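Below is one structure, written out as structure tokens; the observations come after it.
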Amino acid sequence: MVRLVVSPPRDTAILPLPTRFAGIILAFAPLFIHRSWRHAQPLLFGAILTPNRRTVTSVRRILARARGRRFVNVHRILNRSAWCPRNGGRILLGLLIDVFAQRGPVVLGVDDTIERRRGKRIAAKGIYRDPVRSSHSRHVKASGLRWMSLMLLAPIPWAGRIWALPFLTVLVPSDRARRERGRRHKPLLNVGGQLVLQARRWLPGRNLVLVGDGGFSALLFLDGMRRGGITAITRLRLDAALYDPAPPRPPGMIGRSRTKGGRLPTLAARLAAKDTLWREVVVPGWYGAGARAIEIASDTAVWRHGGLPVVPIRWVLIRDPEARFPPQALLCTDPTREPAQIVGWFVRRWTVEVTFQEARAHLGVEMQRQWSDMAITRTTPCLLALFSIVTLLAARLPACQRRRVAAAAWYPHRARPPPMPWPPCALRSGASGLWQHHRADARERNPASACPRPGPMPSATSHEGPKSS
């Protein structure tokens, strides 16, 4: 009796992984059952190798599987398979913490972005103000999807910079899409608060610091962060109503306790006052432009508004001695923090915008073609998480290969120091390590075949930080 052993088709075989990268990629295997992982692992492998537009067709083409008959199984990883992106975010956060934030406070950045998409079958889209194209005098609207992303703002030792590494991204449907499905609309602040509290449950023993823009400067949001044991740092209005802390309740007092003390001058008045005490500090990494000397004034107060929670804060007033940017104010929900440390943490928020821009330019965000609701909900979070996965892969490369920066041959660089690695450079380094291993394995399996070469990877020298704030 002859026993037939049927081997898996070639287009569904699990690809061999380099030893140095296997621990990172295989960490996501528990998210899938074995049959789904056979298609998810090549999808992740090919997404790292594919330049520019990262569609399923491009991924299969770069892996020399474009002629396979079971391509629909790869699409089902995004639009049908049972796996939880939130659990994937927890695994990715653990990997990032082990590599880039082993000690000290864990600084997180939260922000929303718009993915420009059109189409009648995209149910969650809405009409939003475009923050990139709009200005104070011009209001530009854009049709698309709104995403809320939570990122780890950590220093990358081999890059010499702070990078924003996404690990948890969720879709925020428009108000119209919620009404059509009979659901109550969830405000943007509620979604951001849920993401941050989820990270708090994942990191119970760590000190969390959250950095956000002025849109998160709301009393309900700040009070929720304070009660959750999270230090929140955002912008503060110059005309905010600040008060002294409430005095102690005297014995025998009848009625409710006081929630505030006397009214304090506004920050705009303190900015114009001549008796305000200013001190000069040097902030390293000021919006990617190096160290900058600024003047700050700080004190503690209570921020209160009628019918809303009372939040004790430390406010920090900032001005530039050379008047290169207008004065601004920050708040911190932990009054014991040092003002210079608060400013140093807040300027890390700029890297969140850099990550969104790099994801659009080099990871194929806004180039998807899915119409399925589940595929739309999963694809963009996976592409943003790919940014962090590539950074983890680049961290395992040798120093000589990691610091290799793509540059044009006709530009001499001898007279100046080499540029610092930028996120596209990490993408290029991580993809090169995987590509060399993939080509060697393809030649070993079939010497007559050759995998298609990917296009040129982005250059790290063409992306510079802003010259001013």
Side-chain angles (χ1 to χ4, degrees), residues 31 75-90 92-93 108-131 134 139-151 166-202 210 212-225 227-228 230 232 234 307-309 352 356 359 365-366 368-385:
L31 295 175
H75 287 276
R76 287 173 178 169
I77 295 297
L78 298 174
N79 61 27
R80 186 174 299 183
S81 298
W83 60 279
C84 182
R86 183 179 59 181
N87 293 338
R90 182 175 187 175
L92 182 57
L93 177 59
L108 303 177
V110 61
D111 201 359
D112 65 295
T113 185
I114 298 175
E115 176 189 356
R116 298 170 185 87
R117 295 288 299 274
R118 291 181 179 274
K120 296 181 179 179
R121 299 182 62 178
I122 302 178
K125 72 177 185 299
I127 304 297
Y128 305 102
R129 176 184 179 272
D130 193 337
S134 299
H139 186 79
V140 180
K141 296 181 179 180
S143 172
L145 303 172
R146 172 171 281 181
W147 299 91
M148 179 69 70
S149 184
L150 187 62
M151 308 185 186
F167 63 90
L168 187 60
T169 305
V170 297
L171 177 64
V172 185
S174 63
D175 189 9
R176 176 192 57 81
R178 290 280 186 175
R179 289 198 308 266
E180 291 178 355
R181 298 192 176 188
R183 299 181 180 178
R184 186 176 58 181
H185 178 63
K186 184 181 295 184
L188 206 62
L189 289 179
N190 292 4
V191 178
Q194 289 181 348
L195 294 184
V196 180
L197 294 178
Q198 179 68 76
R200 170 79 282 174
R201 288 190 290 269
W202 289 344
L210 177 68
D213 59 6
F216 296 92
S217 180
L219 287 173
L220 285 174
F221 179 82
L222 297 176
D223 182 67
M225 296 298 101
R227 289 188 286 107
I230 302 170
T234 66
L308 296 176
V352 175
F356 286 145
V365 175
E366 297 183 352
Q368 298 91 332
R369 299 177 179 177
Q370 295 90 350
W371 290 346
S372 169
D373 292 342
M374 184 172 293
I376 291 174
T377 306
R378 290 176 170 178
T379 304
T380 299
C382 289
L383 289 177
L384 290 174

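As the structure is a computational prediction, the values presented were derived from the model and not from experiment.
Residues satisfying the ring-ring contact (aromatic ring centres under 6.0 Å, His included) test with W83, not counting sequence neighbours, are F32. Scored by the ring-ring contact (aromatic ring centres under 6.0 Å, His included) test, F356 finds no partners at all (sequence neighbours excluded). Applying the side-chain hydrogen bond (donor to acceptor under 3.5 Å, both in side chains) test to R86 and every residue at least two apart in sequence or in another chain returns nothing.
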Derivation and outcome, side chain to side chain contact (heavy atoms under 4.5 Å, CB included), residues L108 and M151: CA-CA 6 Å; L108 303 177; M151 308 185 186; over 6 Å; no
Verdict with supporting geometry, L195 and F167, side chain to side chain contact (heavy atoms under 4.5 Å, CB included): CA-CA 10 Å; L195 294 184; F167 63 90; over 6 Å; no
Trace of the side chain to side chain contact (heavy atoms under 4.5 Å, CB included) decision for H139 with K141: CA-CA 7 Å; H139 186 79; K141 296 181 179 180; 4.0 Å; yes
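Listed here is the closest heavy atom pair of L145 and A124: CD2-C, 3.6 Å. Heavy-atom minimum distance, L222 versus A232: CD2-CB, 3.9 Å. Across all their heavy atoms, I376 and W147 have their closest contact at O-CH2, 3.1 Å. Looking at every heavy atom in both residues, G224 comes nearest to L197 through O-CD2, 4.5 Å. Of all heavy-atom pairs between D223 and P309, the closest is CG-CB, 3.6 Å. For the pair S174 and K125, the tightest heavy-atom approach, listed with the atom from each and the gap, is OG-O, 3.0 Å.
Contact annotation: the side chain of R178 never approaches that of R184 to less than 4.5 Å [non-hydrogen atoms, C-beta and beyond]. Taking 4.5 Å as the limit, some side-chain heavy atom of M148 sits within range of a side-chain heavy atom of V110. The closest side-chain heavy-atom distance from I230 to R200 is below 4.5 Å. For the pair L171 and R146, the minimum side-chain heavy-atom distance is 4.5 Å or more. When side chains are defined from C-beta on, L189 does not count as touching L220, because their heavy atoms never get closer than 4.5 Å. Between F221 and L210, the closest side-chain pair of non-hydrogen atoms falls below 4.5 Å.
Side-chain atoms of R378 come within 3.5 Å of backbone atoms of I77 as a donor-acceptor pair (strictly under, hydrogens ignored).
Summarising the geometry, atom CZ belonging to R118 is positioned 5.0 Å from atom OG belonging to S143; distances are rounded to the nearest 0.5 Å. Between H75 atom NE2 and S372 atom OG the span is 11.5 Å, to the nearest 0.5 Å. Separation of atoms NE2 (H185) and CG (N190) is listed at 9.0 Å; rounding is to 0.5 Å.
Atom CZ of R176 is surrounded by more than 12 heavy atoms from other residues, nucleotides or ligands within 6.0 Å.
Test D112, T169, T380, D111 against S149 for side chain to side chain donor-acceptor pair (under 3.5 Å) and you get one pass: T169.
K186 has no carboxylate O lying under 4.0 Å from a charged side-chain N of D175, or vice versa, which leaves the two without a salt bridge.
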